[in-house]
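Being a predicted model, the structure only gives us computed values, none of them experimental.
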Amino acid sequence: MSKNTILKGTLILTIAGLLTRVIGFFYKIFLSKALGAELLGIYQLVFPVYGVCFTVYASGIQTGISKMVAEEIGFGNYKGAKKVLWAGLSVSLTLACLLAVLMYQNAGFIAEKVLFEKDCASSLQILAIAFPFCGITACINGYYYGLKKAFIPATTQLVEQTIRVVAVYLIALKLGGGKVTATCELAVFGLVIGEIASNIYNIISLAFSKPEKEKNEDEVSSLSLSDKTTKEYYKGLGAISLPLTANRLLLSILHSFEAIMIPTMLKSSGLSNAEALSVYGILTGMTLPFLMFPSTLTNSLSVLLLPTISEANAKSNHSLIAKTVSITIKYSMILGIFSTGLFMAFGTDLGNAVFHEPRAGTYLMILSWLCPFLYMATTLSSIINGLGKAHLTFINSILGTSCRILIMIILIPKLGITGYLISQLVSQLLITFLDAFVVYKNVNAPFDAVNTILKPGIITACVSSFSYRFYLFLHAVTSFNNIILILGNCLFSAIIFLVLLSITKSIRYGEWKV
């Protein structure tokens, strides 16, 4: 691995991810106003089905491509890496087309019998069109992740989000005759347009990408058996992706069952159908996007961790693995601690200012305690997968999800949405603890509790408290837009936080020179 590859790749993915999240933020605000909480809840219901299908035709295959490509280029076999990509593309596209046809033909049944919301049928039919394009994009992105070239995947997600938002807004404006009018179907149609656009961009980028220089034939042959047949590449991809897909499929089904169950369980707590969908819409369409915003960094990091750990593991470079694990866990935890502090301080004001919905802010404050565990679990699972122990990630996730569903069944009928929030906190804590146990059992990585937890925790408490009081002062004496004031104070807090961490030597740039 070249010096600072992870840092550079993570920065590229993070910048694109942040831009994408910012655009998505304004898009969520637009949808919440154009659709309303109830229709937003109906719109969100199609994504559990999408998640299950994506797992089948892309998720495991993308990871398999990334891992195999990283192993091939570790020995300079770029021709072999390309063969891995074509093998993955053919499998993914076949499965995606098959699932698209099945879902289009059975949309009514899925909407009424699975989602318990017949109004989702037309949205599911539209969504099915996107499957083949999603599959191609996932495979090409997996190829670039394996090469540890983050620019194309990063800009791909930016293109998808931009085209989607612009298309939906313009069509909504046109349908409303100058007044924005949106439907669930239009929102899903925008997703399809965005996926097609990003797919075209991805294919063009791949076609015009500069070919890598192959090592001499004797060196490649001696290191990686470059004379593998196409059948062997299919077999190798299947050996990695099939267990991953099976594991993730079961996990995805559990997550989908959980998502579908939430409105139903809320109704059992005494809410009407409209109220249950509204609460679900607020939680999934308003609160969770806020909560996941900082995870752009850890998501970018985890994507690049898998091929990096895989390559180092293939070469038995244990010192590199240990250093990489130690640094990435440290920064994931620091980000989580800081995010908790900000959401605790500004949660209520964010919900009111952005969505004009107090409940969104209340849920955000409660769930803010998830951040350290949520962000670190993302990093830990990627490390475990890179070590070739994906089955352990699967077991841990199943245990955590099962725990969450069990708590939901017990508590939601009695406590309403509070029962769901409690289930999230308990299950995420369990998953993170189990993943951390696996990592530290397999990797002898040092853990600096003072610079990872103690100093960041104290600095976060001081900075967030001061920043919130400063925000209240500015809000009282100025007439600036409330959203601008909050975001400005959050940015100010982040800068001061990083400066103080640097002064106290909790973070150092040289740490990334692994």
Side-chain angles (χ1 to χ4, degrees), residues 17-18 21-22 24-33 36-37 40-41 44 258-259 262-263 266 275-299 335-378 404 408 411-412 415-429 432 457 460-461 463-465 467-469 471-472 475 481-494 497:
L18 285 173
R21 291 287 176 94
V22 169
F25 241 24
F26 286 104
Y27 184 56
K28 287 288 186 183
I29 296 170
F30 161 72
L31 283 183
S32 67
K33 293 179 179 178
L40 185 61
Q44 292 291 140
E258 174 193 346
I262 294 171
L266 286 172
E275 289 171 334
L277 286 171
S278 294
V279 170
Y280 181 70
I282 292 167
L283 181 68
T284 58
M286 300 179 191
T287 300
L288 291 183
F290 265 124
L291 193 72
M292 299 306 295
F293 190 87
S295 68
T296 303
L297 179 59
T298 51
N299 289 342
L335 176 66
I337 291 171
F338 178 66
S339 299
T340 296
L342 277 190
F343 290 142
M344 284 292 291
F346 291 96
T348 302
D349 296 274
L350 277 170
N352 285 326
V354 177
F355 295 110
H356 306 291
E357 176 53 68
R359 287 176 293 178
T362 301
Y363 301 158
L364 182 60
M365 287 184 65
I366 296 172
L367 291 176
S368 65
W369 294 102
L370 277 174
C371 293
F373 311 110
L374 189 64
Y375 305 160
M376 194 167 73
T378 303
R404 182 162 64 245
M408 284 170 56
L411 294 185
I412 291 181
L415 303 177
I417 193 62
T418 304
Y420 171 76
L421 301 179
I422 293 172
S423 72
Q424 282 281 357
L425 292 169
V426 173
S427 67
Q428 193 59 56
L429 180 60
T432 305
T460 294
V463 169
S464 59
S465 178
S467 181
Y468 184 66
R469 283 170 173 74
Y471 154 72
L472 291 177
H475 183 63
N481 181 276
N482 206 23
I483 297 177
I484 294 175
L485 276 179
I486 294 172
L487 295 180
N489 272 274
C490 288
L491 180 60
F492 170 73
S493 299
F497 179 70

N/O donor-acceptor pair under 3.5 Å between [X] side chain and [Y] backbone:
{"X": "T287", "Y": "A360", "value": "yes"}
{"X": "T460", "Y": "G457", "value": "no"}
{"X": "S339", "Y": "L335", "value": "yes"}
{"X": "S464", "Y": "L342", "value": "no"}

What distance separates [X] [atom1] from [Y] [atom2], expressed to the nearest 0.5 Å?
{"X": "I483", "Y": "L350", "atom1": "CD1", "atom2": "CG", "value": "9.0 Å"}
{"X": "L485", "Y": "C490", "atom1": "CG", "atom2": "SG", "value": "11.0 Å"}
{"X": "L283", "Y": "I262", "atom1": "CG", "atom2": "CD1", "value": "6.0 Å"}
{"X": "W369", "Y": "L291", "atom1": "CH2", "atom2": "CG", "value": "13.5 Å"}
{"X": "Q424", "Y": "F373", "atom1": "CD", "atom2": "CZ", "value": "13.5 Å"}
{"X": "F346", "Y": "L364", "atom1": "CZ", "atom2": "CG", "value": "12.0 Å"}

Do you know which two heavy atoms are closest between [X] and [Y], and how far apart they sit?
{"X": "T432", "Y": "A377", "result": "OG1-CB, 3.7 Å"}
{"X": "F343", "Y": "M365", "result": "O-CG, 3.7 Å"}
{"X": "G336", "Y": "Y375", "result": "CA-CD1, 3.5 Å"}
{"X": "I486", "Y": "A353", "result": "CD1-CB, 3.9 Å"}
{"X": "I422", "Y": "L411", "result": "CG2-CD1, 4.0 Å"}

| task | Tell me, please, which residues at least two apart from Y363 pass ring-ring contact (aromatic ring centres under 6.0 Å, His included). | result | none
| With under 30° as parallel and over 60° as perpendicular, where do the rings of F497 and F338 fit, or are they tilted in between? |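 Parallel, since the angle between the ring planes stays under 30°.
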| query | Are P372 and T340 close enough that some pair of their side-chain heavy atoms sits under 4.5 Å apart? | reply | yes
